[in-house]
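Letters A, B, ... mirror the listed sequences (proteins, then strands); counts begin at 1.
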Amino acid sequence: MTLLALVDCDNFYASCERVFRPDLRKKPIVVLSNNDGCVIARSKEAKAMGIKMGVPWFQIKRAYLAQGGEAFSSNFALYGDLSSRVMHVLAGMVNNIEVYSIDEAFLDLQHMQTSSHAYEFGIYCRNIVRQWVGIPVRIGIAPTKTLAKIASHIAKQRAGGTGVLCLNEQHHIERALKNLSVHEIWGVGRNLSRRLNALNIYSGYELMQSDTRFIRDKFSVVLERTVRELRSEQCLQIHRNTEPKKQIIVSRSFGKKIVDLEQMRPLVSNFAVRASEKLRNEGQKCLQVSVLIFTSPFNNQAQYRGFHTIQFPSPVSDTRDILAGAQTALSNCFKRGYSYAKAGVILNQFSKHSITQGLLFNEIDQCIHVKQDDKLMQYIDSMNEKQAQIYYASQSPGHLLPITKSMTSPRYTTNWLDLPTAN
DNA sequence: TCTGGGGTCCTAGGACCC
DNA sequence: TCTGGGGTCCTAGGACCC
C-alpha cells in the first residue's frame, strides 16, 4: 500500500509571529485581517481563552488585551516568506510534493515500504523544519489525502503527542472514523453535513459505509470520491504545482464606506493594476475582466451587489487595457445611493502569454481597441519590481487603499531595514 | 464606529448545432 | 391535433478549501 503525508503548520500565522519573538512563546496570540477587522489566526493559548475563528476584533479587543493577549495586524510578507522556506525544506526530502496552501503540503511517500518507516520519516521531517525554519508542524500519514487530513486532525487534538500520526491499519482507520463527525471531514462543509445528517449519516464511519452509487445520485461525484478515499481508495492524486492559475482576484474591504463613483474609481484602478501584475507574473493573458462591488452585509441599510464583465476582442495582459475594461465594468454596475464596503477585480479566461490568437473579424465589440504592448509592460514591471515607481493616472497613489493596520510586525525576512538585530 | 481574501471544481440550464 | 434525438459549449451559481 502506498502512503502519503500531509504536513500542516501549527497555527501558522501565530507561529510566524513567534519566530523572531521568542518572548511570545506560551503567550496568547491572535492575527487580524485587513483593517484589523476580524481574527484569522489564533495560537493554542488564544484558542484556550475561547477566542473564536473569524470573530470581529472590536468585540473581543478589550477583554482579550486585558487578559494579557497579544494581537498583530496581518503581515503577509512575513508569512509568505516563511511558508516558502518550509516548503523548500520539505521539497528537499521527497521526490514529489504538492503545496496545497500557505501552511500545508502533501508529500508522496511512495518509496516508504512500511508504516513504521513512514512514521520515523515524519518525526525526522518535523524536527528538521522546526530546527531550520522555526515553525512547528504536524504530520498525518495515510493511504489517501482525505485520510491523511484526518490523521493530522487527530494529531492536533492529542496533547503531548509527537505531532505525527500514521493511520494505516484498517481497524485504526475505522476507530478514528467512528469518533469523527462528518463535518470534520475534508470536503464536507456545512451544507453537505446538514444534508447527510438528514439521511442519518453522522459519523465518518457511517459515511464510509454508505453506498457510493447512492451518494453519487443524491449528492455528487465529489462526495463519492470522499467516500472512496475514506475506504483507502486513492482518488485524489498529488499534483506537482505546475498547473497555471485559472483566475486572479484582487479584492479588499474598505476601512471607510465609499458612496460615490469618483471615490470608487481610483480604488478599482489599484485592484486592476495589481491584478495585471499578477497576470503577467504568471506568464498569462486574459480575455475577461470583471468588477464586483458590495455593500456591507452587516448594516441594516439597503443591500446591493454589483457585478459586470467586459470581454476583450483578443487576449491582453497590458495594464492599460485591463484598467480601461475595469473602469467600463465599474460604470456599468455602480449604482448611486448605496454605501459600499468592498470591491474587487477578477480576471478570467486565460491563455498562455506566448500564444496570441488574432481575430479574423473584430466582432465582439467595436468600441474596444486593445493596446497590448508586451515590451512596455516589461519595462514598467522591471521598474516597479522593488518599489512602485510608475503609477497610472487613474490610480491616485496618495490614497492607495483606505486600509488601517495598526499592529503589524516587522518584515524580518524580506526587508533590509526590518532585519532583526542582536539587541 | 469597527465584521478577510483568494482560490478550485462541479452542475444545471440555456444556446446552439446537425 | 400531432412537434426528435443527440450532442457541445458556455455561464452562473453553489459547494468546498485554507
Side-chain angles (χ1 to χ4, degrees), chain A residues 6-13 30-41 52-62 71-76 79-80 83 98-106 145-146 149 152-153 182-196 216-226 235-236 239 241 243-257 271 274-275 278-279 282 287-288 290 292 294-301 305 307-309 311 339 341-350 401-407:
Chain A
L6 173 73
V7 181
D8 190 344
C9 300
D10 289 339
N11 316 319
F12 184 56
Y13 298 165
V30 298
V31 176
L32 308 173
S33 63
N34 279 331
N35 299 315
D36 300 335
C38 52
V39 172
I40 56 171
K52 295 271 177 282
M53 184 68 167
V55 70
W57 173 231
F58 72 90
Q59 286 177 4
I60 59 158
K61 185 174 176 177
R62 280 181 70 134
F72 290 92
S73 304
S74 41
N75 180 354
F76 288 107
Y79 312 149
S83 168
E98 174 183 345
V99 177
Y100 177 69
S101 73
I102 194 164
D103 69 339
E104 282 174 67
F106 288 103
K145 281 182 164 180
T146 306
K149 279 285 229 183
S152 106
H153 180 78
V182 283
H183 74 261
E184 292 174 286
I185 293 169
W186 188 45
V188 182
R190 222 184 18 215
N191 257 290
L192 284 177
S193 57
R194 190 166 34 81
R195 287 171 59 197
L196 284 167
R216 187 186 193 135
D217 291 347
K218 272 271 184 198
F219 297 88
S220 67
V221 294
V222 184
L223 192 61
E224 182 193 355
R225 279 201 285 257
T226 300
C235 301
L236 305 169
H239 301 283
N241 302 93
E243 277 123 61
K245 281 203 173 83
K246 294 172 179 168
Q247 181 176 66
I248 286 172
I249 303 178
V250 178
S251 71
R252 291 287 180 285
S253 301
F254 309 133
K256 275 192 300 197
K257 300 284 179 286
F271 300 152
R274 184 70 199 111
K278 285 186 172 185
L279 182 67
E282 286 272 312
L287 271 172
Q288 272 189 350
S290 311
L292 257 168
F294 303 95
T295 52
S296 166
F298 299 103
N299 68 24
N300 296 322
Q301 297 160 6
R305 285 171 66 108
F307 180 74
H308 196 266
T309 299
Q311 189 86 24
S339 54
K342 180 174 175 173
V345 167
I346 306 173
L347 306 180
N348 267 312
Q349 295 193 347
F350 292 176
L401 266 185
I403 277 190
T404 47
K405 282 194 177 193
S406 53
M407 300 169 286

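- In terms of position on DNA chain B, the residue among A:Lys342 and A:Pro244 whose nearest nucleotide sits closer to the 5' end is A:Lys342.
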For A:Ser339 and A:Gln301, run side-chain hydrogen bond (donor to acceptor under 3.5 Å, both in side chains): C-alpha distance rounded to whole Å, both residues' side-chain angles, the deciding distance at 0.1 Å, then the answer.
-> CA-CA 9 Å; A:Ser339 54; A:Gln301 297 160 6; 3.1 Å; yes
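- Listed by chain and residue number, A:Glu224 satisfy the salt bridge (Lys or Arg N to Asp or Glu O under 4.0 Å) test with A:Arg216 (two or more places apart in sequence, or in another chain).
- In terms of the side chain to side chain contact (heavy atoms under 4.5 Å, CB included) criterion, residue partners of A:Ser193 (sequence neighbours excluded) are, by chain and number, A:Val182, A:His183, A:Val188.
- Contacts of A:Leu236 classified as side chain to side chain contact (heavy atoms under 4.5 Å, CB included), with partners at least two apart in sequence or in another chain: A:Lys145, A:Thr146, A:Trp186, A:Arg225, A:Glu229.
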Dot-bracket for DNA chain C, 5' to 3', Watson-Crick and G-U pairs with both distances under 3.5 Å, [ ] for crossing pairs, | for partner on another strand, reads ....||||||||||||||
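- Among the atoms of the strands shown, only primed sugar atoms or phosphate atoms (P, OP1, OP2) are found under 4.0 Å from some heavy atom of A:Gln349.
- Checked against salt bridge (Lys or Arg N to Asp or Glu O under 4.0 Å), A:Lys149 has the following partners two or more places apart in sequence or in another chain: A:Glu104.
- Within the 4.0 angstrom heavy-atom criterion, only backbone atoms of the sugar-phosphate kind lie near A:Asp103; the bases stay farther away.
- Listed by chain and residue number, A:Gln284 satisfy the side chain to side chain contact (heavy atoms under 4.5 Å, CB included) test with A:Pro244 (two or more places apart in sequence, or in another chain).
- Contact annotation for A:Arg194: no contact, since no heavy-atom pair falls under 4.0 Å across all strands.
- Using a 4.0 Å heavy-atom cutoff across all strands shown, A:Trp186 reaches sugar-phosphate atoms only and no base atom.
- By the salt bridge (Lys or Arg N to Asp or Glu O under 4.0 Å) test, A:Lys245 pairs with A:Glu282, sequence neighbours left out.
- With a cutoff of under 4.0 Å to any heavy atom of chain A, the contacted region of DNA chain C is bounded 5' to 3' by C:dT11 to C:dC18.
- No engagement by A:Ile60 is indicated, since no non-hydrogen atom pair under 4.0 Å with the nucleic acid exists.
- The aromatic rings of A:Tyr79 and A:Tyr13 sit parallel to each other, their planes meeting at less than 30°, with 60° as the upper class boundary.
- The residue among A:Ser33 and A:Lys278 whose nearest nucleotide of DNA chain B is located toward the 5' end is A:Ser33.
- When heavy atoms are screened at a 4.0 angstrom cut-off, A:Phe12 is found touching no nucleic acid atom at all.
- For A:Phe307, the side chain to side chain contact (heavy atoms under 4.5 Å, CB included) partners are A:Ser290, A:Leu292, A:Thr309, A:Ile346, not counting sequence neighbours.
- Within 4.0 Å (heavy atoms only), A:Val188 reaches sugar-phosphate atoms of the nucleic acid but no base atom.
- Residue contacts for A:Lys245: at a heavy-atom cut-off of 4.0 Å it reaches the sugar-phosphate backbone alone, with no base atom in range.
- No engagement by A:Ile102 is indicated, since no non-hydrogen atom pair under 4.0 Å with the nucleic acid exists.
- With both ends at atom C1', the span from C:dG4 to B:dC17 equals 14 Å, rounded to whole Å.
- Residue contacts shown for A:Ile248 are limited to sugar-phosphate atoms, with no base heavy atom under 4.0 Å away.
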